[in-house]
Amino acid sequence: MRARPVAPAALLLPLTLLLAACGGSSGAAGAGGGAGSGTDGKGSLTLNVGDQKGGYEALLRAAGELDDLPYKIKWSTFTSGPPLLEAVNAGAVDVGGVGNTPPVFAAAAKSKIKVIAGTHSSSAGETVLVKKGSPLKRPAQLKGKSIAVAQGSSAHYQLIATLKKAGLTPKDVTLNYLQPADALAAFTRGKVDAWAVWDPYTSQALDQADARVLTTGQGVVNGLGFQVAAPAALDDKKKSAALKDYTDRVRRAQNWVFKHPDVWSKAWAKETGLPDKVALDAVKRTRGTAVAVAVDKGAIASEQQIVDSFAALKLIPRSFDFGEFVDPRFNGDLPPSSTAPRTYGKAQ
């Protein structure tokens, strides 16, 4: 039985709340953030952690990884990856989790950042969506069409890569640079032909906005996400030890999520306002599939492709060596970045 259609206005609130919740993939989303949301742990050392709504604080708490902290974590909440990385650059935040694209923009701006840990997730939630009744059946048919996408986001890169694979360039389509809430409204009202977006928006649109998947990022984008730290924190012996412990806790929490998708999806839904079904779909499609991986030569090479693509299109001011913004000290015995994500079987 198909879900009853929901009016666009009814979707805007949870989508606005979630603008940050998908920070693993979020790009430019406007300035803002940094609001304090509490402190965990005990001890004389404080690690300042940047987060996004429904992000790592919620994840670590649900997994029980904040119960025995030997140091303090002071949480600051940001709207998306770019302002979080601005805070890292300014030294206001020691570390924060973002997707594969915000570090490219931050590094292009010569920000003081270092990528210290990585995850590899399924790219099934990175999609180009069309209406169920759309005549579009394959990416090559996007030529001459209008597409909503958040500028500078991972969806932006996914769209560029998808077009290239189909023999097209951004000049062959009309790009409407819209953040998810505005993109949803445009998509629902038929103002655009397609929408390039990421989970959990993908899951929500499929459930409530009469959408279907034209194509996914599988085999097109790298599915990587990163923990990004301030060089000054890495240079501090005690903070560096805390950063190692923090990334270990994140890894264990991600392992917990894969084993407990129902528990996490309910906690995530409560935190973000997502419907329970949508949250569970997004967890099983992408967010529960993350596996901790080394930030190795393969990851650097994959990110370099994003750098070169955006530089060629003049979407960043310069090209650069992404490897200069990586610190591999915490790689340890983590598997290579090419390690396959986890899977729950067929996407929900």
Side-chain angles (χ1 to χ4, degrees), residues 5-30 79-82 99-102 105 123-166 168-217 220-221 274 278 282 285-286 309-310 313 315:
V6 178
L11 288 171
L12 291 180
L13 179 58
L15 279 170
T16 300
L17 287 172
L18 275 163
L19 183 56
C22 54
S25 304
S26 178
T79 58
S80 65
N100 64 0
T101 305
F105 280 80
S123 298
E126 292 268 359
T127 60
V128 176
L129 300 175
V130 295
K131 286 294 210 174
K132 286 181 178 177
S134 170
L136 302 179
K137 303 297 181 184
R138 58 187 190 278
Q141 294 175 318
L142 289 169
K143 185 173 183 178
K145 304 301 182 183
S146 58
I147 308 169
V149 64
Q151 187 172 17
S153 67
S154 63
H156 193 178
Y157 177 70
Q158 183 238 335
L159 178 59
I160 290 169
T162 294
L163 292 173
K164 182 178 181 180
K165 188 175 180 181
L168 303 174
T169 74
K171 292 182 179 180
D172 292 315
V173 299
T174 299
L175 297 183
N176 289 260
Y177 290 129
L178 299 170
Q179 291 303 318
D182 293 329
L184 171 72
F187 179 78
T188 303
R189 294 167 185 157
K191 301 295 185 182
V192 294
D193 299 301
W195 180 18
V197 73
W198 58 88
D199 246 339
Y201 302 108
T202 289
S203 293
Q204 189 156 26
L206 292 174
D207 186 64
Q208 299 178 323
D210 199 36
R212 65 174 170 85
V213 175
L214 179 69
T215 188
T216 75
V220 177
V221 295
L274 272 176
V278 171
R285 182 177 282 109
T286 51
S309 293
F310 278 125
L313 294 169
L315 293 171

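Note that this is a predicted model, so its numbers are computed, not measured.
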How close do R212 and K132 get, counting heavy atoms only, and between which atoms? NE-O, 3.3 Å
Report yes if some heavy atom in the side chain of P82 is under 4.5 Å from a heavy atom in the side chain of F105; otherwise report no. no
Which residues pass the side chain to side chain donor-acceptor pair (under 3.5 Å) test with S203, sequence neighbours left out? D199, R285
Is the shortest side-chain heavy-atom distance between L315 and Q151 below 4.5 Å? yes
Over 60° means perpendicular and under 30° means parallel, so classify the ring planes of F310 and H156, tilted if in between. perpendicular
Would V213 and V128 count as a side chain to side chain contact (heavy atoms under 4.5 Å, CB included) here? Give the steps. CA-CA 6 Å; V213 175; V128 176; over 6 Å; no
What's the verdict on side chain to side chain contact (heavy atoms under 4.5 Å, CB included) for I147 and W195, showing C-alpha distance, side-chain angles and the deciding distance? CA-CA 5 Å; I147 308 169; W195 180 18; 5.9 Å; no
Hey, does the side chain of T162 reach the backbone of Q158 with a donor-acceptor pair shorter than 3.5 angstrom? yes
Residues T202 and T127: side-chain donor-acceptor under 3.5 angstrom: yes
Can you list the steps and then say if D172 with L163 is a side chain to side chain contact (heavy atoms under 4.5 Å, CB included)? CA-CA 9 Å; D172 292 315; L163 292 173; over 6 Å; no
Is it true that a side-chain atom of T216 and a backbone atom of E126 form a donor plus acceptor pair closer than 3.5 Å? no
Assess, by modelled atom type and distance only, whether the side chains of N176 and S146 contain a donor and an acceptor separated by less than 3.5 Å. no
Is a side-chain donor or acceptor of S153 paired with a backbone partner of A150 at a separation under 3.5 angstrom? yes
Ignoring hydrogens, what is the shortest heavy-atom contact between T101 and S154? Give both atom names and the distance. OG1-CA, 3.3 Å
Please examine the side chains of K145 and T174, heavy atoms only from C-beta on, and report whether any two atoms are closer than 4.5 Å. no
If you define the side chain from C-beta out and look only at heavy atoms, does anything of P170 sit under 4.5 Å from L313? yes
At their closest point, which heavy atom of T286 faces which heavy atom of G125, and how far apart are they? CG2-N, 3.0 Å
With a 3.5 Å distance limit and no angle check, can you tell me whether Q204 reaches the backbone of P200 through a side-chain donor-acceptor pair? no
Under the criterion side chain to side chain contact (heavy atoms under 4.5 Å, CB included), I'd like the reasoning laid out for L142 against L214: C-alpha separation, chi angles, the key distance, then a yes or no. CA-CA 10 Å; L142 289 169; L214 179 69; 3.9 Å; yes
So which atom in L168 and which in A140 form the shortest heavy-atom distance, rounded to 0.1 Å? CD1-O, 3.8 Å
How long is the gap from CZ on R189 to CG on L184, to the nearest 0.5 Å? 8.5 Å
I need the minimum non-hydrogen distance between F187 and L129, along with the two atoms involved. CE1-O, 3.6 Å
